[in-house]
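Below, chain A is the first sequence line, B the second, and so on; all start at residue 1. What you see is a predicted model; the values in this text were computed from it and never measured. As a basis for the values below, the full set of heavy atoms in this structure was taken, side chains included, without hydrogen atoms, waters or symmetry mates.
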Amino acid sequence: MSAETPAKKELAAIKGTKDILPGEVEVWQAVEAETRRLVELYGYRELRTPIIEPTELFEKGTGETSDIVTKEMYTFTDKGGRSITLRPEYTPSMARAILEHRLDLLPEPMRYYYIGPMFRYDKPQKGRYRQFHQLDIEVFNEKDPAIDAEIIEMADALLRTLGVEGTETLVNSVGCRACRPAYSRDLRSHAEKVRDRLCPDCRRKIATNPLRIFDCKVEGCREQAALFPKITATLCQECREHFARVCSYLDLYKVAYRVEPNLVRGLDYYTKTTFEIISGGLGAQNALLGGGRYDDMMKDFGGPDICGIGFAMGVERLISVLQIRPERKTVLYIAHMGDAGKRKGLELARFFRRNGVESLVEFGSKGFKAQFGRANKLGAAWVLVIGEDEIRKGLYQLKDMAAGTQTEGTPEDLLKIIQDKKI
RNA sequence: GUGGGUGUAGCUCAACUGGUUAGAGCAUCGGACUGUGGAUCCGAAGGUUGGGGGUUCAAGUCCCCUCACUCACCCCA
């Protein structure tokens with residue numbers, strides 16, 4: 001079967017997006033199923049929101065000065081003149097849904113999750129796509145530092161249950177509105193004093209985002225940054241105590257982690273705890289998941305003063321470090337001879353499918369030799385043989401392809417053989 | 001958005017300093033082989049060499065533009 005029209009390159013998937021084909025999609029399905037199972041053990045419920053939102057939601061939620069909002073959003077005007085944006089992240093949508101439906105008035109704990117596509121107009125590279133997928137986890141109205149630790153422990157448990165190895169968990173506190181401004185001022189004045197020893201990029205960061213100087217890879221900048229004050233040393237009383245409790249609970253869970261005072265998350269809304277789990281083998285985009293606390297978002301939305309905490313995990317990145325590559329094979333292939341054989345095959349396929357056995361019937365008329373060859377290529381575990389003799393007797397041949405053995409019996413007999421072997 | 005690298009069949013790769021009709025392996029399809037698979041042999045199909053322009057008697061090969069992929073910066077999942 002040769003393709004009559006070769007795929008035109010002009011009709012390829014757009015830059016930064018990908019098809020997920022059979023052979024790989026099974027990995028996605030397994031990851032999604034395992035993820036749902038695990039987070040529901042922690043009391044999370046799925047909450048789905050639209051892919052499109054009013055642009056304003058992200059301007060207010062993600063932050064007007066963030067890179068995401070200033071240069072990475074897919075924004076357009078719809079026919080009604082509204083400014084619409086394809087969600088670049090999930091947290092603001094989640095917060096919006098909570099307020100819109102007043103879920104904060106329900107007795108259930110507000111623990112939600114979602115797995116789905118996000119959109120950012122970035123330049124694609126390893127582990128970075130324009131349409132990518134995230135697992136998003138959020139908890140609202142839970143001030144206790146125990147939830148900070150539990151959420152990190154859950155992230156750790158999820159990666160373990162999926163078989164991810166060689167990760168490192170980084171935690172930090174970025175303070176709150178009471179103590180962070182003072183720290184930023186402090187940092188700026190320190191950086192200003194050594195301005196001429198910093199790279200051009202970092203000189204610019206002094207004004208825009210001094211915390212980011214810690215991320216610079218230039219040797220001179222790193223030397224200077226090492227001398228800057230640590231945020232962990234200048235936290236206010238409340239933030240310091242909160243962070244100490246988070247760490248002590250993590251110790252209780254025996255989760256391995258490293259306090260990384262230089263860990264700065266890029267989104268503006270974080271307060272107190274931030275964390276990230278990184279993995280080697282991901283190149284420059286090494287964050288498998290990242291998140292933190294955002295105690296002021298709901299209030300900023302004009303809603304009740306309830307706090308939030310959560311994280312997002314990159315599904316593409318996760319899958320790229322997974323070892324598992326499950327493949328789905330055909331179970332039962334039905335080979336036949338003659339028109340009566342074909343009709344009986346179609347009938348029996350229905351019988352087997354109704355009893356939970358995946359079945360494929362050969363539609364063409366080939367010799368048994370060719371049909372067995374085809375079954376073999378499809379990786380069929382079983383082949384049902386229907387010829388004149390079988391139809392006359394009402395007894396069919398079932399071949400176990402791996403063992404090479406063949407059994408005769410009624411459809412019910414043969415079904416039982418397949419079902420027994422499955423267990 | 002800024003740099004660097006790479007684009008040849010579905011996949012992995014060939015094609016000497018520019019030189020006839022761009023080849024091979026794997027995969028696909030057909031045959032040897034109309035009552036039983038994996039092997040082997042034979043054959044077929046599959047390409048505007050990512051696209052466009054230029055230099056040249058002659059371009060897969062050199063130059064320019066563009067697109068895509070890729071790595072890093074940046075940002076982040």
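Distance noted for atom P between B:A15 and B:U61: 15 Å (whole Å). Atom name P, nucleotides B:U48 and B:G10: the rounded distance is 8 Å, in whole Å. Spacing between B:G18 and B:U49 at atom C1', rounded to whole Å, works out to 15 Å. Taking the P atoms as reference points, B:A24 lies 31 Å from B:U70, given to the whole Å. For B:C63 and B:U55, the P atoms lie 15 Å apart once the distance is rounded to whole Å. For the P atoms, the distance linking B:G1 with B:G60 amounts to 32 Å, nearest Å. B:A14 and B:A22 have their C1' atoms separated by 10 Å, given to the nearest Å. Spacing between B:A9 and B:G47 at atom C1', rounded to whole Å, works out to 6 Å.
Residue A:Leu318 is out of contact with every strand shown, counting any heavy-atom pair closer than 4.0 Å. Here A:Tyr129 lies in heavy-atom contact (under 4.0 Å) with a base. Contacts of A:Ala375 with the nucleic acid, taken as non-hydrogen atoms under 4.0 Å apart, are absent. At a threshold of 4.0 angstrom between heavy atoms, the contacts of A:Gly127 include nucleobase atoms, whether or not backbone atoms are also involved. Looking at heavy-atom distances under 4.0 Å, A:Arg128 makes contact with a base. Nucleic acid contact class of A:Glu388 (heavy atoms, under 4.0 Å, all strands): base. If you check every strand for non-hydrogen atoms under 4.0 Å, A:Gly387 touches a base. Residue contacts for A:Gly338: at a heavy-atom cut-off of 4.0 Å it reaches no nucleic acid atom on any strand shown.
Checking A:Glu34 against A:Thr161 by side-chain atom types alone, a donor-acceptor pair falls below 3.5 Å. A donor-acceptor contact closer than 3.5 angstrom links the side chains of A:Thr62 and A:Glu89. Donor-acceptor pairing under 3.5 Å is recorded for the side chains of A:Lys18 and A:Tyr129. Using a 3.5 Å distance cut-off with no hydrogens or angles, the side chains of A:Glu358 and A:Tyr333 do not pair a donor with an acceptor.
At whole-Å resolution of the value, CD in A:Gln406 and P in B:U36 are 10 Å apart. Here B:C75 presents its P atom at 10 Å from CD of A:Glu72, a figure rounded to the nearest Å. Nucleotide B:U36 holds its P atom 12 Å from the CG atom of A:Asp389, rounded to whole Å. Going from atom CD of A:Glu89 over to atom C1' of B:C75 covers 13 Å, rounded to whole Å. Between the CG atom of A:Asp400 and the P atom of B:G38 there is a distance of 17 Å, rounded to whole Å. Across the protein-nucleic acid pair, A:Lys126 atom NZ and B:G5 atom C1' stand 16 Å apart, rounded to whole Å. Atom C1' of nucleotide B:G50 and atom NZ of A:Lys15 are separated by 13 Å, given to the nearest angstrom. Atom CG in A:Leu322 sits about 14 Å away from atom C1' in B:A77, given to the nearest Å.
Side-chain atoms of A:Gln397 stay outside donor-acceptor range of the base of B:U36, with no qualifying N/O pair under 3.5 Å. In the interface, the side chain of A:Lys123 is paired with the base of B:U2 through a donor and an acceptor atom under 3.5 Å apart. Side-chain N/O atoms of A:Glu390 and base N/O atoms of B:G35 include a donor-acceptor pair closer than 3.5 Å.
Taking the side chain of A:Met401 as heavy atoms from C-beta on, and the options B:C76, B:G1, B:G37, the nearest nucleotide is B:G37. Checked against B:G1, B:C76, B:G37, the side chain of A:Lys399 finds its nearest nucleotide in B:G37. Comparing atom distances between the A:Phe372 side chain and each of B:G38, B:U36, B:C74 picks out B:U36 as nearest. Considering only the side chain of A:Gln125, B:C74 comes nearest among B:C29, B:C74, B:G30. You'll find that the side chain of A:Gln134 is closest to B:A77, out of B:A68, B:C74, B:A77. Closest contact between the side chain of A:Ala284 and the listed nucleotides B:A72, B:C29, B:G35 involves B:A72. Among the nucleotides B:G38, B:A68, B:A77, the one closest to the side chain of A:Phe132 is B:A77. Nearest nucleotide to the side chain of A:Phe368, out of B:C75, B:A72, B:G35: B:G35. When the nucleotides B:G37, B:C71, B:C75 are ranked by their closest atom to the side chain of A:Lys369, B:G37 comes out on top.
Residue pairs satisfying the ring pair (Phe, Tyr, Trp, His ring centres under 6.0 Å) criterion with at least one member in residues 367-395 of chain A, sequence neighbours excluded, are absent.
Ring planes of A:Tyr90 and A:Tyr114: parallel class, angle under 30° (limits at 30 and 60°).
Of the charged side-chain nitrogens involved, at least one lies within less than 4.0 Å of a carboxylate oxygen, so that A:Asp296 and A:Arg177 count as a salt-bridged pair. A:Glu347 and A:Lys342 are not joined by a salt bridge, as no carboxylate oxygen comes within less than 4.0 angstrom of a charged side-chain nitrogen. Salt bridge A:Asp122/A:Arg120: absent, no basic N to carboxylate O contact under 4.0 Å. In this structure, A:Asp389 does not pair ionically with A:Lys393, as no charged nitrogen and carboxylate oxygen lie closer than 4.0 Å.
Residue A:Val246 forms a side chain to side chain contact (heavy atoms under 4.5 Å, CB included) with just one option from A:Asp148, A:Ile147, A:Ile151, and that option is A:Asp148.
Taking every heavy atom of residues 33-70 of chain A and every atom of RNA chain B, pairs under 4.0 Å involve A:Asp67, by number.
Contact check, A:Arg130 against B:C76: no side-chain N or O comes under 4.0 Å of OP1 or OP2. Look at A:Lys377 and you'll find a side-chain N or O under 4.0 angstrom from OP1 or OP2 of B:C29.
Judged by closest nucleotide on RNA chain B, A:Lys366 is the one of A:Lys366 and A:Gly291 placed further toward the 5' end. Ranked by how close their nearest RNA chain B nucleotide is to the 5' end, A:Gly16 and A:Val315 are led by A:Gly16.
The side-chain heavy atoms of A:Ile84 and A:Thr75, taken from C-beta on, include no pair separated by under 4.5 Å. In this structure, A:Ile115 and A:Gln134 have side chains that are not in contact, with every pair of non-hydrogen atoms separated by 4.5 Å or more.
Paired runs in RNA chain B that reach 3 or more consecutive Watson-Crick or G-U pairs, where each pair keeps both distances under 3.5 Å, cover B:1-7 with B:67-73, B:10-13 with B:23-26, B:28-32 with B:40-44, B:50-54 with B:62-66.
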